[in-house]
Amino acid sequence: MTSNPLLSGLNEQQFQAVTLPAQSALILAGAGSGKTRVLTTRLAWLISTGQVSPHGILAVTFTNKAAKEMLARLTAMLPMNARGLWIGTFHGLCNRMLRAHWKEAGLPQLFQILDSADQLSAIKRLLKALNIDDEKFPARELMYFINSAKEQGLRPHEVEAFDDFARKRVELYQAYEAQCQREGVVDFAELLLRCHELLQRNEPIRAHYQRRFRHILVDEFQDTNVLQYRWLKLLAGLGTDGQAAVMAVGDDDQSIYRFRGAEVGNMRDFEREFHVDNVIRLEQNYRSHGNILDAANAVIRHNSGRLGKNLWTEAGSGEPLRVYEAFNDIEEARWVVEEIKALIHDGTARDDIALLYRSNAQSRVLEHALFSAGIPYRVYGGLRFFERQEVKHALAYMRLIANPHDDTAFTRVVNFPTRGIGARSLEQLQDAAQAHSTSLYGALNFLTGKAAQSVGAFIKLVDQLRFACEGLKLPEMVEQVLELSGLRAHYLTEKEGQERVANLDEIINAAANFISEEGYAQVAAEDETAPPDPLSAFLSHASLEAGEHQADAGQAAVQLMTVHSAKGLEFDVVFMGGLEEGLFPHENSVLERDGLEEERRLMYVAITRARHRLYLSFAQSRMLHGQTRYNLRSRFFDEIPAELMKWLTPPASARGYGGFGSSSAVPAAPASSNPRSFGSGRKNPAVNDSGFRIGQQVAHAKFGAGVIVNAEGSGSDARVQVNFGAHGVKWLALAVAKLTPA
DNA sequence: TTAGCTGGAGTTTTT
DNA sequence: CTCCAGCTAA
């Protein structure tokens with residue numbers, strides 16, 4: 001052991017990971033095992049021991065938040081100049097390289113970045129220009145197709161197409177590429193693909209970066225896609241003499257982004273291709289009590305093909321998990337609110353409480369209950385600052401200053417605020433642009449008549465803006481844009497427009513901050529580029545980092561979010577609601593190959609968010625898509641050892657809601673196509689005189705667990721319809737079938 | 001050009 | 001049920 005103070009307090013595995021010699025390594029970092037600490041300490045250790053200069057390090061993350069945190073913690077440990085440090089997101093780093101080598105990458109110097117919304121509108125515009133039937137080729141689908149092709153590293157000519165439909169799609173992909181190139185814009189996937197191609201084709205540039213980056217660190221490696229992994233291999237010079245040391249840190253059990261291209265298999269491939277001879281496992285958890293970890297371990301054990309890992313803690317086992325069975329979703333929410341009130345009363349801070357759910361639709365009922373109770377709450381997942389329409393409008397004007405041929409920006413604001421340029425004029429303009437293969441801005445010269453006049457006025461405005469902004473500092477530029485474009489005036493006259501005006505003004509602040517803060521400094525620190533243009537750097541920043549999620553950060557509030565957005569966070573108390581078959585695991589996932597395993601990993605993530613107390617709840621019935629659905633409780637309950645759970649409701653389902661009621665026949669509900677969840681249009685009527693009621697969970701000797709979804713008849717004729725999940729939905733005569741409350 | 005209607009869809013999300 | 005996109009009528 002050295003006496004290096006950086007290393008004090010590390011456990012054995014952490015120490016081992018931090019002080020590994022310069023070789024490639026795979027770190028399996030369990031939830032709450034001090035992953036970020038290891039990553040940052042590793043960086044600090046490498047630098048402080050003189051093994052590598054800050055110049056020789058590349059650290060990649062997925063989110064700006066993670067990159068910022070890493071940088072902040074590193075500079076706190078080891079005061080240094082952040083200039084020249086390559087710590088950032090995949091997209092941010094690729095952008096940086098492309099800015100430096102725009103010529104070699106075949107891009108205009110001031111290329112703009114399309115965010116997803118921009119990309120979608122660019123595709124819609126393309127489809128319209130080509131007169132494509134958008135029934136057959138919906139823009140969203142085409143966008144998904146293009147992005148996934150790019151994420152596999154495939155250009156149009158490399159995509160296999162065996163039928164006319166597929167060939168047409170590829171053709172559209174090609175047309176989209178041509179359009180982007182013409183307009184000087186790149187989408188997110190293009191940043192990566194372009195950068196990969198640059199490195200692959202340009203030997204001197206590749207050699208330069210391979211020589212430079214001696215240590216590459218990758219965070220959340222399980223979330224990398226095919227292209228990102230290839231990019232890493234290229235940068236690391238895999239298989240070359242001077243191969244860099246790559247430290248991949250990740251957790252296969254927390255891989256929950258396959259739906260957006262993440263390839264867990266990269267972990268195994270990495271282990272093999274980089275000849276990793278010892279995988280380091282960080283299994284000691286510093287976050288949760290033992291019972292919570294035991295539950296998480298028990299659930300994830302049902303997955304196959306894991307790299308293997310078992311979380312443990314030195315903290316005690318703590319209390320058991322608290323399980324609640326609710327009558328319906330509304331009652332579930334009411335119960336959550338009652339518990340929260342008690343928790344707050346006992347001194348738990350509101351923002352130490354999180355309400356997690358599988359899908360966003362579930363937040364409504366919770367919000368309603370919290371609102372009625374007057375408990376401050378905060379929902380994650382809304383619009384972010386740079387995604388708001390007024391902000392995007394202002395940015396579009398700025399994009400036109402940087403590049404008047406940016407047709408996406410052009411179409412966005414050509415008639416906003418309205419200036420009499422309707423669909424007709426725009427269509428003429430688009431036709432002219434198409435005919436003379438020029439941008440919309442450039443097509444003015446080919447227009448005649450009324451359209452020429454109105455469009456001419458707008459183009460004059462764009463020129464005027466560019467002229468007025470020449471030599472101005474960024475914040476002053478924003479100021480000019482807001483005034484001259486008429487945006488501020490427009491929102492001032494709009495009722496309820498004050499917030500939008502405030503957001504517009506906030507762009508000025510954002511620009512000022514950007515100039516003074518690291519955002520710009522990082523780009524400015526680029527050693528091999530000419531001084532970058534602040535405007536275009538700011539626009540990239542706006543696309544690459546959409547800003548904070550909209551929520552009032554004011555008073556401490558109860559946190560509401562999906563399990564996905566909770567990844568990486570932790571809370572004293574976690575409520576995991578809606579644990580029902582069909583919802584979690586989600587019905588769509590059950591059909592996908594290995595979909596259930598991904599749901600299970602999601603459950604694992606959910607459980608491991610809790611530090612001290614974890615509530616699990618489900619409802620017998622729930623309003624979904626305007627229909628009441630009766631679902632079985634989630635199979636995940638069966639995967640958690642019973643001794644870890646304390647049921648807050650009497651032995652599953654035996655509570656006497658409903659009881660007896662009308663004995664008249666209830667019309668039969670339509671059979672469900674999904675065997676494990678079941679929908680019916682009616683509320684929860686009490687059923688015949690059998691003591692059973694709709695929504696109740698029951699057990700059958702042959703079919704196992706089920707839930708009553710319908711009933712009819714009374715006395716000896718009483719029959720109930722039961723959803724037995726995998727065993728199907730069946731009508732059973734109560735006089736004959738042995739059905740017991742479960 | 002905009003308001004108002006109608007129909008369709010409805011996991012998860014970062015850059 | 002509830003949101004959104006796209007269409008029709010003023």
Side-chain angles (χ1 to χ4, degrees), chain A residues 60-67 88-95 113-121 124 128 134-135 138-140 144 147 150-151 186-193 195 219-220 223-225 227-228 255-262 329-330 356-365 368 380-382 384 386-387 415-426 454 494 540-547 549 561-568 578 582-592 595 598-599 601-603 605-606 622-629 679 681:
Chain A
V60 204
T61 63
F62 274 86
T63 64
N64 292 298
K65 197 175 151 206
T89 62
F90 279 98
H91 295 85
L93 296 171
C94 285
N95 178 46
I113 299 168
L114 301 182
D115 67 20
S116 329
D118 297 332
Q119 187 188 15
L120 186 65
S121 61
K124 281 183 180 163
K128 213 165 188 183
D134 55 1
E135 296 268 280
R140 288 201 160 276
Y144 177 79
N147 288 342
K150 288 188 182 186
E151 279 160 15
V186 296
D187 57 50
F188 287 137
E190 185 72 23
L191 282 172
L192 289 163
L193 185 51
C195 189
D219 191 17
E220 305 279 15
D223 288 339
T224 52
N225 63 30
L227 183 56
Q228 285 159 340
S255 163
I256 56 174
Y257 285 114
R258 200 182 48 165
F259 70 91
R260 67 173 196 214
D329 48 349
I330 295 168
L356 306 186
Y357 34 82
R358 172 68 236 270
S359 61
N360 287 305
Q362 289 166 256
S363 76
R364 293 183 57 83
V365 186
H368 182 78
Y380 282 76
R384 296 182 302 170
F386 286 113
E387 292 167 353
N415 198 34
F416 196 96
T418 50
R419 41 178 80 88
I421 303 175
R424 281 179 309 281
S425 308
L426 209 54
S454 55
E494 206 179 56
S540 299
H541 166 79
S543 296
L544 288 172
E545 188 169 358
H549 271 297
M561 64 190 84
T562 62
V563 182
H564 281 92
S565 8
K567 190 178 159 208
L583 242 156
F584 197 8
H586 194 277
E587 53 197 351
N588 295 357
S589 315
V590 184
L591 307 171
E592 290 163 15
E598 180 124 328
E599 294 291 297
R601 291 192 288 268
L602 201 50
M603 182 64 184
V605 169
R622 171 178 305 274
M623 260 311 213
L624 201 65
H625 306 331
Q627 281 201 317
T628 307
R629 296 171 39 128

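Quick caveat: nothing in here was measured; it's all calculated off a predicted structure.
Contacts of A:Arg622 classified as side chain to side chain donor-acceptor pair (under 3.5 Å), with partners at least two apart in sequence or in another chain: A:Glu332, A:Glu580. Annotation: side-chain contact (heavy atoms from CB on, under 4.5 Å) contacts of A:Val365 (sequence neighbours excluded): A:Asp329, A:Ile330, A:Ala333. A search for side-chain contact (heavy atoms from CB on, under 4.5 Å) contacts involving A:Leu544 returns A:His91, A:Asn95, A:Ile113, A:Phe188, A:Leu191, not counting sequence neighbours. For the side chain to side chain donor-acceptor pair (under 3.5 Å) test, no residue two or more places apart in sequence or in another chain qualifies with A:Ser454. Partners of A:Ser540 by side chain to side chain donor-acceptor pair (under 3.5 Å), not counting sequence neighbours, listed by chain and number: A:Arg99. In this structure, the ring-ring contact (aromatic ring centres under 6.0 Å, His included) partners of A:His564, at least two apart in sequence or on a different chain, are A:Tyr257, A:Phe259. Residues satisfying the side-chain contact (heavy atoms from CB on, under 4.5 Å) criterion with A:Arg419, sequence neighbours excluded, are A:Tyr397, A:Asn415, A:Pro417, A:Ile421, A:Phe458, A:Leu461. By the ring-ring contact (aromatic ring centres under 6.0 Å, His included) test, A:Phe90 pairs with A:Phe62, A:Trp231, sequence neighbours left out. For A:Ser363, the side chain to side chain donor-acceptor pair (under 3.5 Å) test picks out A:Glu367, with sequence neighbours left out.
Using a 4.0 Å cutoff to heavy atoms of chain A, the contacted part of DNA chain C runs 5' to 3' from C:dC1 to C:dC3.
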Please tabulate, one pair per line, each protein N/O and nucleotide N/O from nucleotides 10-13 of chain B that are separated by under 3.5 Å, including the distance.
unit_1 : atom_1 : unit_2   : atom_2 : d
B:dG10 : N3     : A:His625 : ND1    : 3.3
B:dT11 : O4'    : A:His586 : NE2    : 3.1
B:dT11 : O2     : A:Arg358 : NH1    : 2.8
B:dT11 : O2     : A:Arg358 : NH2    : 2.3
B:dT11 : O4     : A:Glu592 : OE2    : 2.6
B:dT12 : OP1    : A:Asn360 : N      : 2.6
B:dT12 : OP1    : A:Asn360 : ND2    : 3.1
B:dT12 : O4'    : A:Arg358 : NH2    : 3.1
B:dT12 : O2     : A:Arg358 : NH2    : 2.7
B:dT13 : OP1    : A:Thr562 : OG1    : 2.8
B:dT13 : OP2    : A:Asn360 : ND2    : 3.4

Quick test: give all pairs of protein nitrogen or oxygen and nucleotides 1-9 of chain B nitrogen or oxygen below 3.5 Å, distance rounded to 0.1 Å.
unit_1 : atom_1 : unit_2   : atom_2 : d
B:dT1  : OP1    : A:Gly422 : N      : 3.4

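Using P as the reference atom, B:dT13 and C:dC4 are 15 Å apart when rounded to the nearest Å.
Taking atom CG of residue A:Asp115 and atom P of nucleotide B:dT15, one finds them 12 Å apart after rounding to whole Å. To the nearest angstrom, C1' of B:dT14 lies 13 Å from CD of A:Gln119.
Salt bridge absent: A:Asp115 and A:Arg384 never bring a charged side-chain N and a carboxylate O closer than 4.0 Å.
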